[in-house]
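For reference, the structure discussed in these notes is given below.
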Amino acid sequence: MTELGSRFAYTARPIPPYDFRLTVRKPAGWPLFTPFEVYADSTLWSALRVGGTLIGVRLSNLGTVESPRIRVSLSSREALSAYEREHVASALNSRLGFDEDLGPFYAMARNDQILKHVVSDLYGMHDTDMGDVFSGALLAISLQMTSMPRSNAMMECMIKRYGEAAVFDGRRVMFWPTPKRLAAFTPQQLAESCKLGYRAKFISALSKRLASEPFPSVEELKAMGPADAKRLLMGLPGIGDYSSDIVSPHGGFPIDVWSADIFGKLFFGREPRNGRAAIERIKSFGMKRWGRWSWMAFYYVAQDLENLSRKLGISLRLT
DNA sequence: GCGTCCAGGTCTACC
DNA sequence: GGTAGACCTGGACGC
């Protein structure tokens with residue numbers, strides 16, 4: 001357990017529109033940084049790692065969608081220097097999309113027959129980044145070739161068994177393990193303890209790689225071009241085309257068997273007969289249609305399936 | 001109850 | 001460079 005007793009706070013003013021609830025507590029249930037974060041009374045308690053340091057995060061909504069104000073309280077084990085505080089705050093602001101202008105995306109989306117619905121339903125929802133590269137990669141690998149209930153079970157087991165507890169503000173938030181921690185176990189031990197199956201070999205190799213070699217942070221990946229970030233991520237064990245689109249702070253168009261059914265219906269009016277075989281075709285079609293906004297389009301559609309089903313009169317599978 | 005299929009992919013051997 | 005096949009596990013389904 002890690003007691004995070006040193007705290008600093010500031011008030012952020014994101015670029016409007018900024019819907020706090022939609023951004024930190026996404027309609028589809030995707031967690032912000034960890035499945036164990038807590039949301040109550042317009043406040044989120046979560047955690048993330050910046051430069052290997054575990055940070056407790058409390059976000060409180062003080063404003064409105066058009067005039068957003070968010071009180072940010074960050075807790076760490078040791079007191080941070082002024083430089084470190086600035087670095088941590090900058091990393092968090094970037095992950096929460098505070099400086100992201102939704103205007104250009106909305107301008108394109110309002111002229112698109114699919115997206116015009118989702119940007120109306122989810123007005124002010126910003127894109128957010130993973131807590132760190134390793135936790136994003138563990139999430140992506142857990143999603144591969146299995147059902148959502150089993151993916152969730154694998155992730156929760158890894159976090160509970162090998163992760164770190166951020167204790168602050170009277171709360172206890174479990175966060176993802178470090179590469180060093182997981183690198184201490186064999187693939188067999190990981191597979192047996194959390195029923196990871198063949199993914200244990202990927203996770204073990206990934207842990208050893210990131211524990212022994214430097215790898216760009218989320219901020220560094222964001223600072224480089226999308227293609228360079230994707231190339232680096234795909235060099236990691238267990239991270240292919242789909243997973244790199246999930247982990248990259250630039251996003252992508254992460255079409256898998258589940259989303260191939262959804263976008264097949266949206267683009268062509270029906271689910272593909274063979275979802276796996278249709279992935280390439282649907283991904284290519286979507287990226288051609290939405291270009292640099294492909295990730296935002298994917299993100300907004302995935303969060304709005306229920307409303308979209310009703311508005312378009314088609315059944316989009318939620319899970 | 002039992003066997004088969006397949007799910008929110010990636011890697012490798014083989015051609 | 002392109003592609004078939006292997007890979008854990010467990011729920012759904014047919015019999």
Side-chain angles (χ1 to χ4, degrees), chain A residues 26-31 35 130 133-158 160-162 182 185-210 215 229-248 251-267 270-287 294-306 308-309 315-319:
Chain A
K26 304 179 197 309
W30 300 1
M130 299 288 173
V133 171
F134 186 57
S135 62
L138 292 180
L139 181 147
I141 292 172
S142 300
L143 290 173
Q144 293 169 7
M145 277 288 282
T146 191
S147 62
M148 272 312 289
R150 186 168 171 228
S151 291
N152 288 332
M154 287 189 281
M155 286 189 266
E156 289 180 10
C157 177
M158 280 192 284
K160 279 183 179 172
R161 195 168 182 117
Y162 303 108
L182 286 188
F185 298 91
T186 65
Q188 292 73 22
Q189 288 172 313
L190 296 176
E192 286 170 15
S193 62
C194 288
K195 298 191 182 302
L196 301 177
Y198 71 91
R199 298 165 200 78
K201 280 181 275 188
F202 291 160
I203 289 173
S204 177
L206 175 70
S207 305
K208 288 180 170 66
R209 171 82 69 86
L210 293 182
F215 190 83
K230 187 176 177 80
R231 180 178 50 78
L232 282 174
L233 287 166
M234 286 184 67
L236 294 174
I239 303 299
D241 181 58
Y242 165 79
S243 298
S244 65
D245 281 351
I246 291 179
V247 181
S248 173
F253 201 58
I255 296 295
D256 49 26
V257 170
W258 168 74
S259 50
D261 287 348
I262 289 168
F263 284 93
K265 276 193 170 181
L266 289 174
F267 293 156
R270 59 181 169 78
E271 286 184 5
R273 283 200 188 91
N274 183 337
R276 199 169 295 286
I279 286 174
E280 268 313 309
R281 182 170 58 95
I282 290 172
K283 178 163 183 157
S284 171
F285 187 92
M287 293 186 75
S294 296
W295 165 251
M296 288 299 282
F298 181 95
Y299 174 56
Y300 263 72
V301 167
Q303 301 300 326
D304 199 38
L305 296 180
E306 200 170 339
L308 208 47
S309 294
S315 173
L316 298 171
R317 201 157 48 102
L318 298 179
T319 56

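The model shown is predicted, which means the values in this text are computed figures rather than measured ones. In what follows, chains carry the letters A, B, and so on, assigned in the order in which the sequence lines appear, proteins first and then strands, with residues in each chain numbered from 1.
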So does A:Q189 get a backbone contact from the side chain of A:S193, meaning a donor-acceptor N/O pair under 3.5 Å? yes
If you look at every strand shown and take non-hydrogen atoms under 4.0 Å, does A:S259 touch a base, only sugar-phosphate, or nothing? nothing
Could you work out, with side-chain hydrogen bond (donor to acceptor under 3.5 Å, both in side chains) as the rule, every residue matching A:S259, not counting sequence neighbours? A:D256
Interatomic distance, A:D256 CG vs B:dG9 P [rounded to whole Å]: 5 Å
Using atom types as modelled and distance alone, determine if a side-chain donor or acceptor of A:R199 lies under 3.5 Å from a backbone N or O of A:L196. yes
Take the protein atom CD1 of A:I279 and the nucleotide atom C1' of B:dG9, then report the distance between them rounded to whole Å. 8 Å
Say whether, by atom type as modelled, one donor and one acceptor occur between the side chain of A:K201 and the main chain of A:P187 under 3.5 angstrom. no
Measure the distance from CG on A:D261 to P on B:dC6 and round it to the nearest whole Å. 13 Å
Can you check the distance between C:dA4 and B:dG8, where both ends of the measurement are the C1' atom (answer in whole Å)? 22 Å
Between B:dC5 and C:dG5, how many Å separate the two P atoms, rounded to a whole number? 15 Å
Quick one: salt bridge (Lys or Arg N to Asp or Glu O under 4.0 Å) partners of A:D241, sequence neighbours excluded? A:K230, A:K283
Rounded to whole angstroms, how far apart are CZ on A:R150 and P on B:dC6? 17 Å
Does the side chain of A:Y242 reach to within under 4.5 Å of the side chain of A:I279, using non-hydrogen atoms? no
Main-chain N/O of A:G238 paired to A:Q144 side chain as donor or acceptor, under 3.5 Å: yes
Residues two or more places apart in sequence or in another chain: which of them pass side-chain hydrogen bond (donor to acceptor under 3.5 Å, both in side chains) with A:S207? none
Donor-acceptor under 3.5 Å (A:R209 side chain, A:L236 main chain): no
Pairwise N/O distances under 3.5 Å, protein to nucleotides 10-12 of chain B:
unit_1 : atom_1 : unit_2 : atom_2 : d
B:dT10 : OP1    : A:G240 : N      : 2.9
B:dT10 : OP1    : A:S243 : N      : 2.9
B:dT10 : OP1    : A:S243 : OG     : 2.7
B:dT10 : OP2    : A:D241 : N      : 3.4
B:dT10 : OP2    : A:Y242 : N      : 3.2
B:dC11 : OP1    : A:G238 : N      : 2.7

Taken to the nearest whole Å, CG/A:L316 to P/B:dG8 is 15 Å
Given atom NZ of A:K230 and atom P of B:dG9, what is their separation to the nearest angstrom? 14 Å
Using a 3.5 Å cut-off on both pairing distances, which stems of three or more Watson-Crick or G-U pairs include DNA chain B? B:1-7 with C:9-15, B:9-15 with C:1-7
Span of DNA chain C engaged by chain A, first through last nucleotide within the 4.0 Å heavy-atom cut-off, is C:dC7 to C:dG10
A:F263 and A:F298: aromatic ring centres closer than 6.0 Å? yes
Under 3.5 Å donor-acceptor, A:S151 side chain and A:S142 backbone: yes
